[in-house]
Amino acid sequence: MLDKRKIRLMTRASIYEKRYGEDDLKISGYYKKDYTSLNTWITLIWVTVGYAFLGGALFLCYGDILLEGITIMRLFLYAAVALGAYLVLLIIYGIGAGTFYSKKHARAKQRVKRYMRDISHLEKMNSKKEKNRP
């Protein structure tokens, strides 16, 4: 006779393994703070690289207009504006990435916990069944 509860548990575990399993197990292998800070730093590095590329591209396109009649004061003003925009962008992305990766870790940890509980129930059901066999 088929055990409906066992079939449901096996189906749920299989769906989890297929959809989230590998990624969630990697994520839950880190402490929450370590995972969040590592991925936030990676995000900030890529934001810096992107900002540098964007600044270089804008300078290539509009450099002749910006450097026309340049003075030291105007050069410092351009540098201050670019640095200010960069710092604001870093703060926004840093806060956003920290929140995002913290929530991602929490969700992955919960799914892994539910998966392990299902596997534990399946093992208990199998051991009970083997004990009852003649």
Side-chain angles (χ1 to χ4, degrees):
M1 182 94 173
L2 296 175
D3 187 2
K4 289 182 182 180
R5 187 163 186 247
K6 186 175 177 181
I7 292 172
R8 283 189 194 124
L9 286 173
M10 287 175 22
T11 304
R12 188 171 27 190
S14 176
I15 290 170
Y16 170 79
E17 287 173 0
K18 193 177 230 182
R19 194 176 292 167
Y20 303 109
E22 190 175 330
D23 292 335
D24 281 357
L25 291 174
K26 284 180 189 175
I27 291 170
S28 66
Y30 288 97
Y31 290 111
K32 186 175 191 174
K33 184 177 180 179
D34 292 342
Y35 179 76
T36 303
S37 58
L38 172 70
N39 285 294
T40 300
W41 276 108
I42 291 170
T43 300
L44 294 179
I45 289 169
W46 281 111
V47 165
T48 302
V49 169
Y51 191 80
F53 279 134
L54 180 65
L58 287 175
F59 185 76
L60 287 175
C61 291
Y62 301 107
D64 54 341
I65 296 170
L66 291 174
L67 294 178
E68 216 171 86
I70 191 78
T71 62
I72 294 292
M73 191 58 139
R74 188 177 283 180
L75 185 64
F76 281 131
L77 179 66
Y78 290 155
V81 167
L83 184 64
Y86 171 68
L87 290 176
V88 167
L89 192 67
L90 269 186
I91 290 170
I92 290 170
Y93 268 91
I95 291 170
T99 303
F100 173 78
Y101 287 114
S102 178
K103 288 179 181 178
K104 185 175 180 179
H105 185 275
R107 286 190 303 263
K109 198 79 161 173
Q110 283 300 108
R111 286 191 299 259
V112 168
K113 188 185 273 187
R114 188 178 320 124
Y115 171 70
M116 291 301 182
R117 187 179 60 235
D118 289 347
I119 296 297
S120 175
H121 285 281
L122 279 171
E123 287 176 355
K124 286 178 185 177
M125 292 171 101
N126 284 336
S127 66
K128 267 186 190 177
K129 192 173 185 179
E130 287 179 13
K131 283 182 183 179
N132 292 335
R133 281 191 176 170

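When the side chain to side chain donor-acceptor pair (under 3.5 Å) test is applied to T48, the partners found at least two apart in sequence or on another chain are Y86. In this view, D34 satisfies the side chain to side chain donor-acceptor pair (under 3.5 Å) rule with no residue, not counting sequence neighbours.
Applying the side chain to side chain donor-acceptor pair (under 3.5 Å) test to every pair with at least one member in residues 101-117, sequence neighbours left out, gives these pairs: E17-Y115, D24-R111.
Linking Ile, Leu, Val, Met, Phe, Trp and Tyr whenever their side-chain heavy atoms come within less than 4.5 Å leaves L67 and L60 in two separate clusters. Taking hydrophobic clusters as Ile, Leu, Val, Met, Phe, Trp and Tyr residues chained together by side-chain heavy-atom distances below 4.5 Å, V112 shares a cluster with I119. Both Y35 and L38 belong to a common hydrophobic cluster when Ile, Leu, Val, Met, Phe, Trp and Tyr are linked at side-chain heavy-atom distances under 4.5 angstrom. L89 and L83 fall within the same hydrophobic cluster, where Ile, Leu, Val, Met, Phe, Trp and Tyr residues are linked whenever their side-chain heavy atoms come under 4.5 Å apart, directly or through other members. Cluster annotation: I70 is not connected to L77 through the hydrophobic network of ILVMFWY side chains, with a link wherever side-chain heavy atoms come within less than 4.5 Å.
The 12-atom threshold is exceeded at OH of Y51, counting heavy atoms of other residues, nucleotides or ligands nearer than 6.0 Å. Within a 6.0 Å radius of OH in Y78, more than 12 heavy atoms belonging to other residues, nucleotides or ligands are found. Within a 6.0 Å radius of OH in Y30, other residues, nucleotides and ligands contribute 12 heavy atoms or fewer.
How far OG of S28 is from CG of D23: 10.5 Å, rounded to the nearest 0.5 Å. Here R8 contributes atom CZ and L122 contributes atom CG; the two are 13.0 Å apart, rounded to the nearest 0.5 Å.
Of the candidates K26, R19, K18, K26 is the only one forming a salt bridge (charged side-chain N to carboxylate O under 4.0 Å, His left out) with E22. Residue W46 is tested with T43, L44, I42 for a side-chain contact (heavy atoms from CB on, under 4.5 Å); the sole match is I42.
Taking each heavy atom of T36 and T40 in turn, the nearest pair found is O-OG1, 2.7 Å.
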Open item on the list: Set out, in order, the CA-CA distance, both residues' side-chain angles and the distance that settles side-chain contact (heavy atoms from CB on, under 4.5 Å) for Y20 and I15, then state yes or no.
Closed with: CA-CA 8 Å; Y20 303 109; I15 290 170; over 6 Å; no
TODO: Show the numbers, then the answer: is there a side-chain contact (heavy atoms from CB on, under 4.5 Å) between S120 and M116?
DONE: CA-CA 6 Å; S120 175; M116 291 301 182; over 6 Å; no
Open item on the list: What verdict does the side-chain contact (heavy atoms from CB on, under 4.5 Å) test give for L66 and R74, after you've listed the backbone C-alpha separation in whole Å, the side-chain angles of each residue and the deciding distance to 0.1 Å?
Closed with: CA-CA 9 Å; L66 291 174; R74 188 177 283 180; over 6 Å; no
